[in-house]
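For reference, the structure discussed in these notes is given below.
Note: hydrogens, waters and symmetry copies are ignored here, and every other heavy atom, side chains too, is used. We count ligands from 1, going down the list as the structure has it; atoms in each ligand are counted the same way.
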Amino acid sequence: MDRELALELVRVTEAAAIKSAHWMGRGKKNEADDAATTAMRNVFDTVSMNGTVVIGEGELDEAPMLYIGENLGTGDGPNVDIAVDPLEGTNIVAKGHNNAMTVIAAAERGALLHAPDMYMQKLVVGEKAAGRVHLDDPIEKTIEIVAEANNKRIHDLTVIIQERPRHDEIVKRVQNMGARVKLFGDGDVGASIATCLPQTGIDIFIGIGGAPEGVISAAAVKSLGGDMQARLLPQNDEERSRCMEMGLDDPEQLLTMNDLVKSDDAIFAATGVTEGELLNGVRFLGGDTAETHSIVMRSKTRTVRFIQANHHLDLKPDLREES
Ligand code: VTB
Ligand code: MG
Ligand code: MG
């Protein structure tokens with residue numbers, strides 16, 4: 001893949017973030033999602049690549065754009081597979097809560113797991129604990145291993161978990177160990193990445209969330225030297241057969257980092273929509289300008305860039321709310 005592609009993808013996430021940020025706090029999650037999706041689709045048309053959506057908004061018959069199998073880009077340039085979540089956190093934007101972002105992962109053709117839209121069990125840790133944890137270990141053992149690896153007392157260790165009834169038991173077990181729990185409402189991707197950035201103070205991500213978000217997170221975690229293990233959780237025969245159609249003989253096999261992202265050359269890009277721990281949200285600064293804050297990284301070189309950009313919406317009228 002060309003390294004220029006990384007910056008091109010940031011232009012895509014920036015446009016999606018600006019368009020969906022107009023919807024913050026207006027109680028309309030679908031409108032916020034549609035705005036991000038349409039903007040993403042439009043800017044993808046200008047990117048020099050021969051891209052194919054492998055994780056997107058659904059199958060052709062259920063999504064008008066960014067559907068699985070759709071071709072993206074100008075057609076010149078690298079052959080890449082693209083995974084998108086145009087708005088990771090539609091509810092977040094509708095309510096004006098923290099940590100919504102627009103996200104893209106790209107990798108060489110065939111390198112991203114074609115995860116169907118279903119639940120996935122996930123465990124993510126940062127670089128120091130990489131290679132030492134196992135999804136099937138009891139959480140008590142994982143906490144001990146990561147505390148040692150990250151050189152923290154268990155009382156100072158932080159486990160980030162999505163606030164859902166399905167996680168009540170694991171939350172209790174973490175609390176019984178004396179570790180700290182940070183609950184979040186939505187947004188697995190940002191929460192997963194946080195484990196790989198020591199400045200967040202977050203050590204472990206554990207829980208069940210979306211499989212598409214899992215693969216996108218894996219591209220980021222790989223670029224940050226962290227570790228991730230996962231397992232698809234098909235809920236019925238239909239979901240099980242979808243896993244098998246996507247090439248998994250055993251739908252519930254353990255998925256390691258290299259099963260999720262096979263290549264060493266993956267790109268991850270994200271732009272904040274609402275304020276967050278990792279990224280600032282879109283800020284409308286008056287004078288028809290907007291400021292965006294993005295992260296882009298590439299697993300091949302493991303360079304991580306934060307990009308703050310100022311956009312003149314009078315010169316980019318398609319990023320204004322009304323268009
Ligand atoms: C998960 C998580 C996402 O929505 O898919 C979640 O991975 C859905 O969980 O990050 P529920 O079915 O319990 O609502 C997100 O939080 C946001 O898309
Ligand atoms: Mg989505
Ligand atoms: Mg999502």
Among the N, O or S atoms that Glu213 has, which is closest to the Mg ion (ligand 3)?
OE2
Taking Lys141 for the side chain and His134 for the main chain, is one N or O donor matched with an acceptor at less than 3.5 Å?
no
Quick one: which of Glu140, Glu148, Glu144 gives a side chain to side chain contact (heavy atoms under 4.5 Å, CB included) with Ile154?
Glu144
I'd like to know if the side chain of Thr37 pairs up with that of Asp34 as donor and acceptor (distance under 3.5 Å, no hydrogens or angles considered).
no
Report yes or no: do His311 and Thr292 form a side-chain donor-acceptor pair below 3.5 Å?
yes
Under 3.5 Å side-chain donor-acceptor pair for Asn258 and Lys222
yes
Would Met65 and Glu70 count as a side-chain contact (heavy atoms from CB on, under 4.5 Å) here? Give the steps.
CA-CA 8 Å; Met65 63 184 99; Glu70 185 176 3; 4.3 Å; yes
Would you mind reporting whether Gln229 and Leu254 have side-chain heavy atoms less than 4.5 Å apart?
yes
For ligand 1, run through the N/O pairs with the protein that fall under 3.5 Å and put one pair on each line.
{"residue": "ligand 1", "atom": "4 (O)", "partner": "Asp186", "partner atom": "OD1", "Å": "3.4"}
{"residue": "ligand 1", "atom": "5 (O)", "partner": "Gly210", "partner atom": "N", "Å": "3.1"}
{"residue": "ligand 1", "atom": "7 (O)", "partner": "Asp188", "partner atom": "OD2", "Å": "3.0"}
{"residue": "ligand 1", "atom": "7 (O)", "partner": "Gly210", "partner atom": "N", "Å": "2.8"}
{"residue": "ligand 1", "atom": "9 (O)", "partner": "Arg166", "partner atom": "NH2", "Å": "3.4"}
{"residue": "ligand 1", "atom": "10 (O)", "partner": "Glu88", "partner atom": "OE1", "Å": "3.3"}
{"residue": "ligand 1", "atom": "10 (O)", "partner": "Glu88", "partner atom": "OE2", "Å": "2.6"}
{"residue": "ligand 1", "atom": "10 (O)", "partner": "Gly187", "partner atom": "N", "Å": "3.3"}
{"residue": "ligand 1", "atom": "10 (O)", "partner": "Asp188", "partner atom": "N", "Å": "2.7"}
{"residue": "ligand 1", "atom": "12 (O)", "partner": "Tyr119", "partner atom": "OH", "Å": "2.3"}
{"residue": "ligand 1", "atom": "13 (O)", "partner": "Arg164", "partner atom": "NE", "Å": "2.6"}
{"residue": "ligand 1", "atom": "13 (O)", "partner": "Arg166", "partner atom": "NH1", "Å": "2.6"}
{"residue": "ligand 1", "atom": "13 (O)", "partner": "Arg166", "partner atom": "NH2", "Å": "3.1"}
{"residue": "ligand 1", "atom": "14 (O)", "partner": "Arg164", "partner atom": "NE", "Å": "3.4"}
{"residue": "ligand 1", "atom": "14 (O)", "partner": "Arg164", "partner atom": "NH2", "Å": "3.1"}
{"residue": "ligand 1", "atom": "16 (O)", "partner": "Gln162", "partner atom": "NE2", "Å": "2.8"}
{"residue": "ligand 1", "atom": "16 (O)", "partner": "Asp186", "partner atom": "OD1", "Å": "2.6"}
{"residue": "ligand 1", "atom": "16 (O)", "partner": "Gly187", "partner atom": "N", "Å": "2.9"}
{"residue": "ligand 1", "atom": "18 (O)", "partner": "Glu88", "partner atom": "OE1", "Å": "3.1"}
{"residue": "ligand 1", "atom": "18 (O)", "partner": "Glu213", "partner atom": "OE2", "Å": "3.3"}

Thr52 and Arg109 side chains, donor-acceptor separation under 3.5 Å
yes
If you count every protein N, O or S atom closer than 2.8 Å to the Mg ion (ligand 2), you should arrive at 1
Might you confirm whether atom NZ of Lys152 has over 12 heavy atoms from other residues, nucleotides or ligands at distances under 6.0 Å?
yes
Report whether Ile206 and Phe184 are members of the same hydrophobic cluster (ILVMFWY, side-chain heavy atoms less than 4.5 Å apart, transitive linking).
no
